[in-house]
Amino acid sequence: LNSDERERERERKGQYRIMKEIQGEEASQTQPNSDNGVVQEVMKLQSVQHLLEPVLEPLIRRVVKEEVEVAFRKHLNNMKRNGGKDVNSTSRSLQLQFLNNLSLPVFTGTRIEAEECSAIKVAIVDSLTGQIVSSGPESSAKVEVVVLEGDFDGDEGDNWTLEEFKNNIVREREGKKPLLAGDAFLTLTRGIGLVGEISFSDNSSWTRSRRFRLGARVVDGSDGTRVREAKTESFIVRDHRGELYKKHHPPSLSDEVWRLEKIGKDGAFHKRLSRENINCVKDFLTMLFIDPPRLRHILGTGMSAKMWEVTVEHARTCVLDKKMHLYCPPGSQQKSGVVFNIVGQVMGLLSECQYNTIDKLSETEKIEAQNLVISALQHWEEVVSFDDEASLTSSVKREISNGTKYLASQEIRGFDYAQPSASSPDIISTIYSVGGLSGLDDYALHGYEQALSYPGQVTNSLICDTDITQTFCDEDHLRYFDSDLQPQSLGLESQADLQTAVDGFLLQRTVAVQAQRRWTKIFSVLKWFSIKRRVKEKFRGLQI
């Protein structure tokens with residue numbers, strides 16, 4: 001290398017040495033500083049420990065001591081409960097139990113009842129098997145009903161102590177009447193007892209949970225055996241004045257319409273319904289079945305679809321009587337009509353004396369039945385009421401049976417159900433087809449011919465006013481019929497019914513024009529039977 005290059009090489013090496021020396025010095029300076037920081041942190045921790053140890057240690061000791069004392073106290077209570085005997089650990093465990101739920105809401109001054117307005121039932125049961133204890137001294141124990149705090153739950157699994165139960169019993173406020181009024185004691189019979197008439201004298205708003213529970217405990221008769229107490233679910237007790245706005249479940253037909261859910265007393269919905277003369281639950285249900293779109297329109301858009309469903313569902317829970325109503329519109333000749341209940345709900349349709357329930361009707365028939373119900377409500381004086389559906393159907397069958405006696409047969413076609421007429425051509429032809437007439441003498445036929453030869457006489461008077469009727473009214477009509485003609489063959493019950501049918505046939509009064517046509521047909525038939533008889537007699541004479 002030349003002298004310049006050697007010189008530059010020396011300078012680079014010198015600079016490198018200087019840099020290494022500087023880095024060594026910095027390293028030697030930082031190392032003592034880091035060691036000093038660790039020492040300082042340790043000293044700080046030791047000083048804090050010396051300061052807090054006198055404060056924390058008593059606090060920790062006190063908390064541990066309290067927890068130990070509580071656990072030990074529970075252990076002692078369990079030993080007392082078992083009587084300190086190991087043999088009791090294998091004996092049965094008894095407890096009281098409420099068998100039904102309370103009817104809510106509960107108001108002051110009102111009897112506390114179970115659901116469906118029944119009495120509250122308390123029973124003593126074996127907690128291991130769940131069976132009611134129906135024998136032994138415990139089955140006839142005396143039980144007291146008390147009021148408990150609403151937030152009393154006991155330990156996990158409802159395993160509270162007797163002291164805990166007593167500490168959660170609610171007493172009346174100072175200067176107030178006893179919180180639970182009435183007979184709070186009952187005696188079990190075969191392990192079951194009924195709570196008498198009890199009621200709250202004060203509401204629950206002043207307690208810490210604003211709720212109450214009912215509790216039951218054995219006061220004697222347990223033979224020293226521990227019987228765990230019973231408690232109900234928590235509930236709110238309101239003042240009696242709140243009952244004035246109570247919703248009824250289920251509502252009755254006579255309840256005011258605001259007793260339904262989502263309809264407040266003197267509220268907007270209540271006022272709208274009142275303007276349309278819908279004042280009670282019956283009015284509401286009638287409009288619901290007759291014209292639901294109109295009812296929905298009356299309530300307006302302020303009632304949401306969800307509110308509408310709640311109100312309608314509540315109204316439908318109303319218990320209705322079993323009465324049925326039948327309406328046959330004028331002109332139907334009582335062959336058809338609609339059957340509905342007290343609120344206008346279609347139950348069935350009567351068609352040609354045949355009753356069909358609503359589930360058997362077509363959509364067209366349902367619409368027709370609905371229109372008939374509207375007409376029935378407008379003409380209520382023409383509606384016939386029945387106690388129930390069975391009495392309705394039996395009445396229809398009875399009417400058909402009564403009509404059969406006058407019409408000679410239930411199977412006759414074209415009869416008039418409202419006005420049975422034994423002189424109709426169809427009836428006459430049916431009678432003849434069964435066995436009919438034979439053996440009318442020439443005198444009778446001559447009488448018919450004479451009567452029909454004077455049309456003016458027929459057209460100017462009723463049939464029973466003619467000489468023809470007089471001729472037959474004085475005679476025994478049955479002698480003109482075959483001797484082997486039996487009432488049973490015509491659907492009649494006795495000979496007297498047959499005589500009545502024939503009398504009605506001959507004495508039926510009708511319009512002159514119709515009578516002339518019918519008597520003409522009778523004459524033709526009788527003439528044919530007369531000729532037939534003569535032919536038989538001549539044939540019999542030839543044989544002889």
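None of the values given here were measured: they were computed from a predicted structure. By convention here, the first residue in the shown sequence is residue 1.
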Looking at [X] and [Y], would you say the former's side chain and the latter's main chain have a donor-acceptor pair under 3.5 Å?
{"X": "Arg272", "Y": "Leu299", "result": "yes"}
{"X": "Arg210", "Y": "Ser205", "result": "yes"}
{"X": "Asn371", "Y": "Glu368", "result": "no"}
{"X": "Asn100", "Y": "Ala119", "result": "yes"}
{"X": "Ser103", "Y": "Cys117", "result": "no"}
{"X": "Lys247", "Y": "Trp258", "result": "yes"}
{"X": "Lys360", "Y": "Leu349", "result": "no"}
{"X": "His314", "Y": "His248", "result": "yes"}
{"X": "Ser201", "Y": "Leu180", "result": "no"}

How long is the straight-line distance from [atom2] of [Y] back to [atom1] of [X], given to the nearest 0.5 Å?
{"X": "Asp239", "Y": "Thr110", "atom1": "CG", "atom2": "OG1", "value": "10.5 Å"}
{"X": "Leu392", "Y": "Asp387", "atom1": "CG", "atom2": "CG", "value": "11.0 Å"}
{"X": "Thr301", "Y": "Arg296", "atom1": "OG1", "atom2": "CZ", "value": "8.0 Å"}
{"X": "Leu128", "Y": "Gln95", "atom1": "CG", "atom2": "CD", "value": "9.0 Å"}
{"X": "Leu253", "Y": "Asp255", "atom1": "CG", "atom2": "CG", "value": "8.5 Å"}
{"X": "Glu256", "Y": "His270", "atom1": "CD", "atom2": "NE2", "value": "6.0 Å"}

Query raised in the report: Would Phe386 and Val339 count as a side-chain contact (heavy atoms from CB on, under 4.5 Å) if you check the C-alpha gap in whole Å, the side-chain angles of each, and the deciding distance to 0.1 Å?
Result: CA-CA 10 Å; Phe386 299 89; Val339 179; over 6 Å; no
If every non-hydrogen atom of [X] is compared with every non-hydrogen atom of [Y], which pair is closest and at what distance?
{"X": "Ala230", "Y": "Gln97", "value": "CB-N, 3.7 Å"}
{"X": "Arg316", "Y": "Leu285", "value": "N-CD2, 4.3 Å"}
{"X": "Gly344", "Y": "Val373", "value": "O-CG1, 3.6 Å"}
{"X": "Gln370", "Y": "Val346", "value": "OE1-CG2, 3.8 Å"}
{"X": "Ser234", "Y": "Gly150", "value": "CB-O, 3.5 Å"}
{"X": "Val281", "Y": "Pro251", "value": "CG2-CB, 4.3 Å"}

Query raised in the report: Parallel, tilted or perpendicular: which fits the ring planes of His379 and Tyr327, with parallel below 30° and perpendicular above 60°?
Result: parallel
Report task. Over 60° means perpendicular and under 30° means parallel, so classify the ring planes of Phe284 and Trp308, tilted if in between. Result ->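 Rings of Trp308 and Phe284: tilted, 30 to 60°.
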Close side-chain approach of [X] to [Y], heavy-atom, < 4.5 Å:
{"X": "Arg211", "Y": "Asp151", "result": "no"}
{"X": "Phe212", "Y": "Val106", "result": "no"}
{"X": "His325", "Y": "Ile342", "result": "yes"}
{"X": "His249", "Y": "Thr317", "result": "no"}
{"X": "Met347", "Y": "Met324", "result": "yes"}
{"X": "Leu295", "Y": "Ile290", "result": "no"}
{"X": "Met287", "Y": "Glu276", "result": "no"}

Report task. For the pair Asp283 and Thr286, evaluate side chain to side chain donor-acceptor pair (under 3.5 Å) and give the outcome as yes or no after the intermediate values. Result -> CA-CA 5 Å; Asp283 300 333; Thr286 302; 5.5 Å; no
Query raised in the report: Out of Val143, Leu194, Val133, Ile132, which one pairs with Leu188 under the side-chain contact (heavy atoms from CB on, under 4.5 Å) rule?
Result: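 Filter result, single survivor: Val143.
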Query raised in the report: Only one of Val145, Thr232, Leu102 forms a side-chain contact (heavy atoms from CB on, under 4.5 Å) with Ile112, so which one is it?
Result: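 Checked Val145, Thr232, Leu102 against Ile112; only one passes side-chain contact (heavy atoms from CB on, under 4.5 Å): Leu102.
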Requested in this report: Give the intermediate values and the outcome of side-chain contact (heavy atoms from CB on, under 4.5 Å) for residues Asn203 and Arg238.
Outcome: CA-CA 5 Å; Asn203 61 63; Arg238 297 184 173 90; 5.9 Å; no
Report task. Please step through side-chain contact (heavy atoms from CB on, under 4.5 Å) for the pair Ile358 and Phe340, ending with a clear verdict. Result -> CA-CA 10 Å; Ile358 184 67; Phe340 57 97; over 6 Å; no
Report task. List the steps, then state whether salt bridge (Lys or Arg N to Asp or Glu O under 4.0 Å) holds for Arg213 with Asp153. Result -> CA-CA 10 Å; Arg213 293 178 187 264; Asp153 291 324; 2.7 Å; yes
**Report entry** Chi angles and distances behind the side-chain contact (heavy atoms from CB on, under 4.5 Å) call for Phe98, Val122
**Finding:** CA-CA 5 Å; Phe98 287 97; Val122 180; 3.7 Å; yes
Would one find more than 12 heavy atoms of other residues, nucleotides or ligands at under 6.0 Å from atom [atom1] of [X]?
{"X": "Lys366", "atom1": "NZ", "value": "yes"}
{"X": "His297", "atom1": "NE2", "value": "no"}
{"X": "Glu233", "atom1": "CD", "value": "no"}

**Report entry** Qualifying residues under side-chain contact (heavy atoms from CB on, under 4.5 Å), relative to Asn277, sequence neighbours excluded
**Finding:**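 Per chain and number, Asn277 pairs via side-chain contact (heavy atoms from CB on, under 4.5 Å) with Asn279.
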